Number of protein chains: 2
Amino acid sequence: MGVHRKTRNLELVLDAFRDTQEALSAHLLMDRLPAYVNRSTVYRLLDRLEDDGVLHSFLASENIKFYALCRGCSQSGHVHSHAHFQCTSCSQVVCIEQQVVVPTLNQGRVDEAQVLLKGQCATCMQ
Amino acid sequence: MGVHRKTRNLELVLDAFRDTQEALSAHLLMDRLPAYVNRSTVYRLLDRLEDDGVLHSFLASENIKFYALCRGCSQSGHVHSHAHFQCTSCSQVVCIEQQVVVPTLNQGRVDEAQVLLKGQCATCMQ
DNA sequence: TTCATTATTGCAACAGAGTCGCATTAGTTA
DNA sequence: TAACTAATGCGACTCTGTTGCAATAATGAA
């Protein structure tokens with residue numbers, strides 16, 4: 001997983017992801033980190049953790065990039081065709097374990113499918 | 001479709017979409033419009049045309065919002081669970097007519113599925 | 001433990017997408 | 001033709017994310 005010094009910021013970021021089932025944007029993540037953690041550092045850590053296969057990313061509403069821990073992905077064979085669900089009421093984003101059937105095309109080659117389901121989560125439906 | 005005065009800018013935007021099979025971002029659209037069309041105006045027209053059900057939008061790579069003409073959508077019953085394909089080489093985005101099977105969840109309600117397929121288009125594969 | 005190496009960080013400035021308030025312009029209807 | 005007001009242009013702004021550079025600190029070797 002590349003060169004990684006065990007820094008306090010790295011631990012804080014990893015802990016934040018381990019502490020939740022949610023996917024987090026850089027902004028949401030920073031809300032959960034101490035204020036002294038620099039914005040650039042957060043973005044750099046997210047980038048690096050994604051490169052290293054620790055996190056995966058995807059786009060949700062409002063053009064915001066979300067990150068979540070990779071669970072059940074090896075570094076060589078990522079399984080990222082799983083869907084993500086975003087609640088249109090509370091904006092919370094979660095990973096859906098269920099795999100998505102990637103459509104094939106007549107032309108071209110499909111390498112990856114990003115599926116974002118939008119609707120209302122159980123909590124907001126009450 | 002709301003109040004729409006038939007302005008030159010509106011016609012230019014609609015023509016740009018009619019002239020292509022591609023989906024266009026605001027930026028790509030502006031490249032195809034005369035330079036005198038204001039950036040704010042483009043964004044406002046895209047918003048309005050989406051509200052009116054003339055265009056639909058979705059997110060592609062790099063957090064960029066793309067727009068395409070709605071084909072076969074009524075204003076009341078949009079069918080926007082179709083997929084979009086983006087070529088990772090040339091970045092071109094096209095709509096895939098084929099419908100996507102929207103997964104159901106154990107909890108919550110799914111209203112919409114945004115599916116972005118990424119890979120290489122036929123042209124770039126050669 | 002100390003030192004040298006260099007990955008990591010903080011800062012500040014920047015870039016790009018998109019929004020907004022407001023005064024001006026120009027379709028539309030009477 | 002005139003009045004109404006939607007649409008526009010402008011500029012300033014917000015927000016997400018990036019980058020260059022100097023300072024800091026984790027790590028491995030001595």
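Lettering follows sequence order; numbering is per chain, from 1. All figures in this text were calculated on a predicted structure; none of them were measured in a lab. Excluded from the calculations below are hydrogen atoms, water molecules and symmetry mates; all remaining heavy atoms, backbone and side chain alike, are included.
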S.K.: Which residues satisfy the side-chain hydrogen bond (donor to acceptor under 3.5 Å, both in side chains) test with A:S89, sequence neighbours excluded?
M.R.: A:Q120
S.K.: Within this structure, what is the CE-to-P distance between B:M30 and D:dG9, rounded to whole angstrom?
M.R.: 12 Å
S.K.: B:T7: what forms a side-chain contact (heavy atoms from CB on, under 4.5 Å) with it, not counting sequence neighbours?
M.R.: B:R5, B:N9, B:L10
S.K.: For residues 38-47 of chain B, tabulate all N or O donor-acceptor pairs below 3.5 Å that involve a side-chain atom, not counting sequence neighbours.
M.R.:
from  : atom 1 : to    : atom 2 : distance (Å)
B:N38 : OD1    : B:S40 : N      : 2.8
B:N38 : OD1    : B:S40 : OG     : 3.4

S.K.: Checking side-chain contact (heavy atoms from CB on, under 4.5 Å) between B:L69 and each of B:L55, B:T20, B:L24, which is the one that passes?
M.R.: B:L55
S.K.: If you look only at distance, which donor and acceptor atoms sit under 3.5 Å apart when one is on a side chain in residues 12-19 of chain B and the other is two or more places apart or in another chain?
M.R.:
from  : atom 1 : to    : atom 2 : distance (Å)
B:D15 : OD1    : B:R18 : NH1    : 3.1

S.K.: Using the side-chain hydrogen bond (donor to acceptor under 3.5 Å, both in side chains) criterion, which residues pair with A:K118? Sequence neighbours excluded.
M.R.: A:S61
S.K.: C:dA17 P sits how many Å from B:L45 CG, rounded?
M.R.: 18 Å
S.K.: Do B:C95 and B:Q21 come close enough that some side-chain heavy atom pair is under 4.5 Å?
M.R.: no
S.K.: Figure out the CG/P separation between A:L59 and D:dC15, and round it to whole Å.
M.R.: 19 Å
S.K.: Provide, to the nearest angstrom, the distance between the CG atom belonging to B:L33 and the C1' atom belonging to D:dT8.
M.R.: 14 Å
S.K.: Taking only residues two or more places apart in sequence or in another chain, which ones pass side-chain contact (heavy atoms from CB on, under 4.5 Å) with B:T123?
M.R.: B:C121
S.K.: Less than 4.0 angstrom between a side-chain N/O of B:N9 and OP1 or OP2 of D:dG9, yes or no?
M.R.: yes
S.K.: Could you tell me whether the phosphate oxygens of D:dC10, OP1 or OP2, come under 4.0 Å of any side-chain nitrogen or oxygen in B:N38?
M.R.: yes
S.K.: List in numerical order all residues of residues 16-29 of chain A for which some heavy atom is under 4.0 Å away from an atom belonging to DNA chain D.
M.R.: A:A26, A:H27
S.K.: Quickly work out the A:Y36 OH to C:dC11 C1' distance and round it to whole Å.
M.R.: 18 Å
S.K.: To check you understand the geometry: which heavy-atom pair defines the closest contact between A:F58 and A:A23, and what is its length?
M.R.: CZ-CB, 3.6 Å
S.K.: Taking five pairs at each end of the helix from C:dT1-D:dA30 to C:dA30-D:dT1, what angle separates the two helix axes (nearest 10°)?
M.R.: 30°
S.K.: To which residues is A:M125 joined in a hydrophobic cluster, defined by side-chain heavy-atom contacts under 4.5 Å among Ile, Leu, Val, Met, Phe, Trp and Tyr, whether direct or through other members?
M.R.: none
S.K.: Summarise how protein sits on nucleotides 18-27 of chain D as a single string, 5' to 3': B when a protein heavy atom is under 4.0 Å from the base, S for sugar-phosphate-only contact, - for no contact.
M.R.: BBB----BBS
S.K.: Does any pair with a residue in residues 25-34 of chain B pass side chain to side chain donor-acceptor pair (under 3.5 Å), and if so which ones, sequence neighbours excluded?
M.R.: B:E22-B:R32
S.K.: Specify the separation, in whole Å, of atom CG of A:L10 and atom C1' of C:dT9.
M.R.: 13 Å
